[in-house]
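Note that the coordinates shown come from a computational prediction; the quantities given were computed from them, not determined experimentally.
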Amino acid sequence: MTPLNGEVWSGGHNGAYLASRMLAASLHAFQKSDPLSEWLFAANTSLLTAMMEAGVDLEERHYRWSSCAAAVRISGDQAEYVQCGDCMILREDDEGVIHQVTVNSVQGISERAIEFRKSLREKGLLSQDESFYDDPAERMKFNRSLANRPAGYSVVNGDQELRSFVQEGAFSIKNTKSFLLISDGFFHPEMDLTDSYKEIKSVGLEAYAQALRFHEYTNRLHHDDMTAIYAEF
C-alpha cells in the first residue's frame with residue numbers, strides 16, 4: 001500500500017515497492033521448518049527496522065511502508081498458507097467447486113471506518129464531522145490508521161499487532177485440483193473472485209491480465225500491480 005506522503009526512497013521507489021520486495025526476498029531465503037507465519041512476522045520486524053533506519057515517521061501511520069501478502073508452502077499432502085490484507089488464496093476441489101481459503105480484510109474498510117468514527121463521536125473522542133472525511137486524502141489517512149486494528153485490516157507495516165490479524169492454516173492437496181494466489185490487481189470490477197478463477201483457469205493468467213488491463217484502460221479505471229500464481233495438480 002503506497003504511503004500517502006508521496007516520498008520515494010532507494011532507486012526512486014516508494015515504500016509499497018520496497019516493502020513488497022523485502023517480503024519477496026525474505027520468503028526466498030526462508031528455509032526453516034517453522035510455521036510459514038513466522039516468516040511473515042520476521043519480515044514484518046525487518047520492515048520496521050528498515051523504516052526506522054530510513055527515518056520514516058512511524059507515528060504517521062499513513063507514511064509507513066506496507067504490503068499485503070499471501071504465501072503457500074506444500075509439504076507432503078498438505079498446503080500450508082499465511083495471508084494478510086487483500087491478497088487472496090482460493091482453491092478448486094476435486095469436484096470443481098471453488099473455495100475462498102482466505103478473507104479479504106481490506107474489503108469494506110471504508111464502511112467499517114464510518115461506523116468506527118460514529119462510535120468515537122458518541123464517546124466524545126472525535127471532533128470532526130463526517131463531512132470532513134469527504135476529502136479522499138483524509139478518508140484514506142483514517143483508513144490507514146486502522147491497519148492491524150479490530151475495526152480495520154491486516155497488513156505488513158511493522159506493527160507487532162499483525163500477529164493477531166493474519167490468517168493461517170492448511171488444506172489438503174489430496175482433494176485439491178488447483179489453487180490460485182492473487183493480488184488485488186487481478187480483481188475484475190465486473191466479476192466476483194469465483195468467476196475470475198474460472199476465467200483464469202480457462203484462458204490462463206497472461207490472457208486474463210491483458211483482458212483486464214484493456215477493460216480498465218477503455219473504461220478509465222484505476223489499475224493496480226498484478227501478481228498471481230496458479231497451480232494445478
Side-chain angles (χ1 to χ4, degrees), residues 1 16-50 65-107 148 153-187 192-194 196-206 208-209 225-233:
M1 294 183 174
Y17 177 94
L18 296 176
S20 64
R21 291 304 180 270
M22 287 182 64
L23 280 174
S26 63
L27 180 59
H28 286 304
F30 187 74
Q31 302 294 332
K32 300 179 180 179
S33 59
D34 295 340
L36 197 53
S37 57
E38 290 304 315
W39 152 72
L40 195 63
F41 301 146
N44 185 55
T45 299
S46 296
L47 179 63
L48 176 62
T49 300
W65 306 351
S66 62
S67 178
C68 300
V72 170
R73 177 173 61 184
I74 297 174
S75 178
D77 62 0
Q78 291 291 304
E80 176 192 6
Y81 66 86
V82 65
Q83 181 267 3
C84 68
D86 55 9
C87 291
M88 289 293 289
I89 304 173
L90 301 95
R91 61 176 285 267
E92 176 192 16
D93 66 26
D94 283 341
E95 297 181 353
V97 178
I98 296 168
H99 306 267
Q100 289 192 23
V101 177
T102 55
V103 175
N104 179 354
S105 66
V106 178
Q107 187 174 23
N148 301 313
Y153 59 94
S154 56
V155 68
V156 177
N157 71 347
D159 280 336
Q160 295 309 299
E161 292 87 349
L162 172 66
R163 286 181 172 269
S164 300
F165 297 97
V166 298
Q167 299 174 62
E168 58 180 316
F171 57 86
S172 173
I173 62 173
K174 286 185 176 180
N175 62 349
T176 297
K177 187 180 295 184
S178 64
F179 70 82
L180 174 69
L181 286 73
I182 55 172
S183 67
D184 63 338
F186 268 87
F187 295 179
D192 61 23
L193 288 179
T194 296
S196 290
Y197 194 120
K198 292 176 180 177
E199 185 68 10
I200 289 169
K201 182 178 175 65
S202 174
V203 304
L205 284 171
E206 185 173 352
Y208 173 91
D225 293 339
M226 288 179 157
T227 303
I229 297 173
Y230 175 72
E232 289 186 344
F233 298 100

Audit row: S178, Y230, side chain to side chain contact (heavy atoms under 4.5 Å, CB included) steps and yes/no: CA-CA 7 Å; S178 64; Y230 175 72; 3.6 Å; yes
Would V101 and M88 count as a side chain to side chain contact (heavy atoms under 4.5 Å, CB included) here? Give the steps. CA-CA 8 Å; V101 177; M88 289 293 289; over 6 Å; no
Pair Q167-T102, side-chain donor/acceptor within less than 3.5 Å: no
Distance from I182 atom CD1 to C87 atom SG, nearest 0.5 Å? 9.0 Å
Could you tell me which non-hydrogen atom of S33 sits nearest to which non-hydrogen atom of R73, and how far apart they are? O-NH2, 4.1 Å
Does D225, at its CG atom, have more than 12 non-hydrogen atoms belonging to other residues, nucleotides or ligands within less than 6.0 Å? no
Scanning both residues in full, the closest heavy-atom pair of T176 with F233 reads O-CD1, 3.5 Å
Shortest non-hydrogen separation from V156 to L47 and the atoms involved: O-CD2, 3.6 Å
So which atom in S67 and which in V155 form the shortest heavy-atom distance, rounded to 0.1 Å? O-CG2, 3.4 Å
Can you find a heavy atom in the side chain of S75 that is under 4.5 Å from one in the side chain of E80? no
Can you confirm whether L27 sits close enough to L36 that some side-chain heavy atom of one is under 4.5 Å from a side-chain heavy atom of the other? yes
State the OG-CH2 distance between S26 and W39, to the nearest 0.5 angstrom. 6.0 Å
If you apply the rule side chain to side chain contact (heavy atoms under 4.5 Å, CB included), what do you find for S37 with V82, and how did you get there? CA-CA 6 Å; S37 57; V82 65; 4.1 Å; yes
Side chain of S202, backbone of K198: donor and acceptor closer than 3.5 Å? no
The reported gap from OG1 in T194 to CD in Q100 (rounded to nearest 0.5 angstrom) is 6.0 Å
Heavy-atom closest pair (M226 atom, G185 atom, distance to 0.1 Å) is CE-O, 3.3 Å
Quick one: does D159's side chain have a donor or acceptor within less than 3.5 Å of a partner on E161's backbone? no
Is there a side-chain contact between D86 and Q107, using heavy atoms and a 4.5 Å cut-off? no
Any side-chain heavy-atom pair from F179 and F171 closer than 4.5 angstrom? yes
Of all the heavy-atom pairs spanning F186 and Y208, show the shortest one and how long it is. O-OH, 2.7 Å
Would you mind reporting whether Y153 and C68 have side-chain heavy atoms less than 4.5 Å apart? no
Supply the atom-to-atom distance L180 CG to L193 CG, rounded to the nearest 0.5 angstrom. 8.5 Å
So do L23 and L40 actually touch side chain to side chain, heavy atoms under 4.5 Å? yes
Which value, rounded to the nearest 0.5 Å, describes the distance between I173 atom CD1 and D77 atom CG? 6.0 Å
State the OG-CG distance between S105 and N148, to the nearest 0.5 angstrom. 8.5 Å
Side-chain (N157) to main-chain (W65) donor-acceptor, under 3.5 angstrom: no
I'd like to check D34 versus F41 (side-chain heavy atoms, cut-off strictly below 4.5 Å). Are they in contact? no
Assess whether side chain to side chain contact (heavy atoms under 4.5 Å, CB included) is satisfied between S172 and Q78, documenting all intermediate values. CA-CA 5 Å; S172 173; Q78 291 291 304; 3.8 Å; yes
With a 4.5 Å cut-off on side-chain heavy atoms, are K177 and K201 touching? yes
